[in-house]
Every structure is written in structure tokens, then in C-alpha cells.
Amino acid sequence: TGAADFYIGTNNSGTAPLQGIIQRVIVRSTIGGAAILDVNLPVDIDTSSDPDAGQTSFTCTTGQTVTVNRATSGLVTAIVTRPVALLDGIATYVQLPADAPTPTATRAAGKHTAVFLLRKSATGANFDRFLSFETGTGVDGCYLTQVGNQTAVYIGDGASSVSSLLTSTIPDNDLAVIGFVIDTGTIAAYYYGEGLATPTSFSGLASDPTFTAGRIGARGYAVQSLAELEFFDVVTFQDQAKTEAQLDVIAAKLLAGTYA
């Protein structure tokens, strides 16, 4: 009620300041109602300028002007962004080096875990690739992909494939931690908030899958099915199959480190 300013991180006299990190603040008209104020950092920040210098004001997602009070000594308040790869869904991807860790799994043995932090900018066409270890046409290897607004991980031998599908909807423009686990002939997708999907066996493939260096944001063998996202962190564990509890810890650490 009224037209008084809304203070984030302190009381209205500035005598009880917060020491910490603020990522997003949403004020709604009612429970579950429309957002009347949406401060979404760093989406609202112009990162074309020096991201470490901070700004004294910016326009938030819902259009209001937000002012930033900056101390003159000590730890100075600043809007800080982390390095990020911006993939536009058209022709961009990140090619990992040839000696980067890749799965070494066969149909009966081998372990590998990959986890990464991203913000999906839009819901694109089916099979927008987040990460691919494919080596040739068809599904020869492994890839983590978006199917509609869900996420699945596939593994195959170039002729046939199997998949593990997550049921949760991954919302656009929100941070998400996703990944997969290969464990002695099975594969399972992971999403922080839903957990690790029931493992799917790929022991029935006609031959062992082969793998190449990872490609983030596109197919491993062709510039197709490009993802539109902001990519922040990737963690891979060669020859390790992490449990759901371990993945949750990894995800929490990735999220806690965001924009720090």
C-alpha cells in the first residue's frame, strides 16, 4: 500500500544492512499472482559495461528503476556477474578440447558423471542439445537434450538408442542444474529439484557406443539442434558415477557460487 520505496538488503534507514548475495526478488500482488516487481540479477544488468564496477541504478524486468546504494569504504556494494557463454540457438556452441574427459563406458562397464549450471533463455524446438558426446550420424555416443521443456539423456550405437527422461518442467529464464550419470551399463538424467531419474539399461544396444570431445549447445557431429541458453559451469567426473545425494550437494554448491 502507498508509494514508499521498497528496500532490499537493509531497513529503510540503512542501519541494518545485509552482508551477502542477492540474486532475485519478486513482489506479487497476491499469492501466486502477477509479479508487480521483478528484480532478476544479472538479467537486468547491462553487462556490456565493466561488470565488476557495478551500477548506481538499473531498470528491472518489470520496468521500474532500481537504485543501488554504494558504500564509500570497505566492501563496496556492486552488481557482479560471472563469466558466461551466451548461446543464441542459431549457430553458436562451445567445443571442448580433444583431450577433455569423455565417457569410456561400454554396454556392460564404465562410469561417468556430468553436471552443469545453466539458464535456459527460451523453449526451442525439440532436441535442443545441452551437451553432446556424439561421434557420427545417428546416435553414436551420448547427449543430454531438451525435449519440449523437459530434459532427457540418450545413449546409442549409431543405429539404435535408449533414453532416460526427466518429468519436471525446466522453466525458462531460471537457473537450473542438470546432468547425467552413466553407471555400468545404465544411464540416468538428473535435475536438481526432481533428482536422479530411474536408470535405463543400454546393455541391449548392438554395439558399444563411442565418444568424442564434448560439444555444449549443439550436436556432437553437426551444427544442429542448437540450444538457446546461458552456460555458467560444468563439472565432469571421469570413471565416477555420483549418487543422487552427491549430485544434490554438487548442485547446491554450483548454485551458491553463482554471481559470487
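In this text, all values refer to a predicted model and were calculated from it rather than measured experimentally.
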* **Polar contact flag, side-chain donor to acceptor under 3.5 angstrom, Asp239-Thr104** =>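 The criterion, which ignores hydrogens and geometry beyond distance, is satisfied for Thr104 and Asp239.
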* Under 3.5 Å, is there a donor-acceptor pair linking the side chains of Thr167 and Glu194? ->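 A pair is found: one side chain offers a donor N or O, the other an acceptor, under 3.5 Å apart.
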Would you mind checking if [Y] and [X] are paired as a salt bridge, meaning a charged N to carboxylate O distance below 4.0 Å?
| X | Y | value |
| --- | --- | --- |
| Asp38 | Arg24 | yes |
| Asp208 | Arg107 | yes |
| Arg215 | Glu134 | no |

Side-chain heavy atoms of [X] within contact of [Y], under 4.5 Å:
| X | Y | answer |
| --- | --- | --- |
| Cys142 | Phe211 | yes |
| Val115 | Leu254 | yes |
| Val153 | Ser163 | no |
| Pro199 | Ile187 | no |
| Leu247 | Thr113 | yes |
| Ile155 | Ile182 | yes |
| Tyr190 | Ile250 | no |

Check whether any side-chain N or O of [X] sits under 3.5 Å from a backbone N or O of [Y] as a donor-acceptor pair, and report yes or no.
| X | Y | result |
| --- | --- | --- |
| Gln64 | Ile36 | yes |
| Ser132 | Gly220 | yes |
| Glu230 | Arg119 | no |

* **Option from Thr212, Thr102, Thr210 for which side-chain hydrogen bond (donor to acceptor under 3.5 Å, both in side chains) with Thr135 holds** => Thr210
* To do: I would like to know whether Ser225 and Arg129 meet side-chain hydrogen bond (donor to acceptor under 3.5 Å, both in side chains); could you show each step before the answer?
  => CA-CA 6 Å; Ser225 302; Arg129 262 56 170 192; 3.2 Å; yes
* Asked: Would Leu255 and Val177 count as a side-chain contact (heavy atoms from CB on, under 4.5 Å) if you check the C-alpha gap in whole Å, the side-chain angles of each, and the deciding distance to 0.1 Å?
  -> CA-CA 8 Å; Leu255 289 167; Val177 179; 3.9 Å; yes
If you compare all heavy atoms of [X] against all heavy atoms of [Y], which two are closest, and at what distance to 0.1 Å?
| X | Y | value |
| --- | --- | --- |
| Ala35 | Thr62 | O-CG2, 3.9 Å |
| Gly136 | Asp140 | N-CB, 4.1 Å |
| Ala176 | Ile170 | CB-CG2, 3.9 Å |
| Phe116 | Leu131 | CE2-CB, 3.8 Å |
| Ala197 | Ala188 | O-CB, 3.4 Å |
| Ala189 | Ser164 | N-OG, 3.1 Å |

* Asked: Any idea how His112 and Phe180 line up, ring-wise: parallel (<30°), tilted (30 to 60°), or perpendicular (>60°)?
  ->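 Because their plane-to-plane angle is under 30°, the rings of His112 and Phe180 count as parallel.
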* Asked: Does the pair Lys242 and Gln240 meet the rule for a side-chain contact (heavy atoms from CB on, under 4.5 Å), with working shown?
  -> CA-CA 6 Å; Lys242 296 298 185 181; Gln240 296 184 47; 2.8 Å; yes
* Scan Val234, Thr145, Ile178 and name whichever one has a side chain to side chain contact (heavy atoms under 4.5 Å, CB included) with Phe130. => Ile178
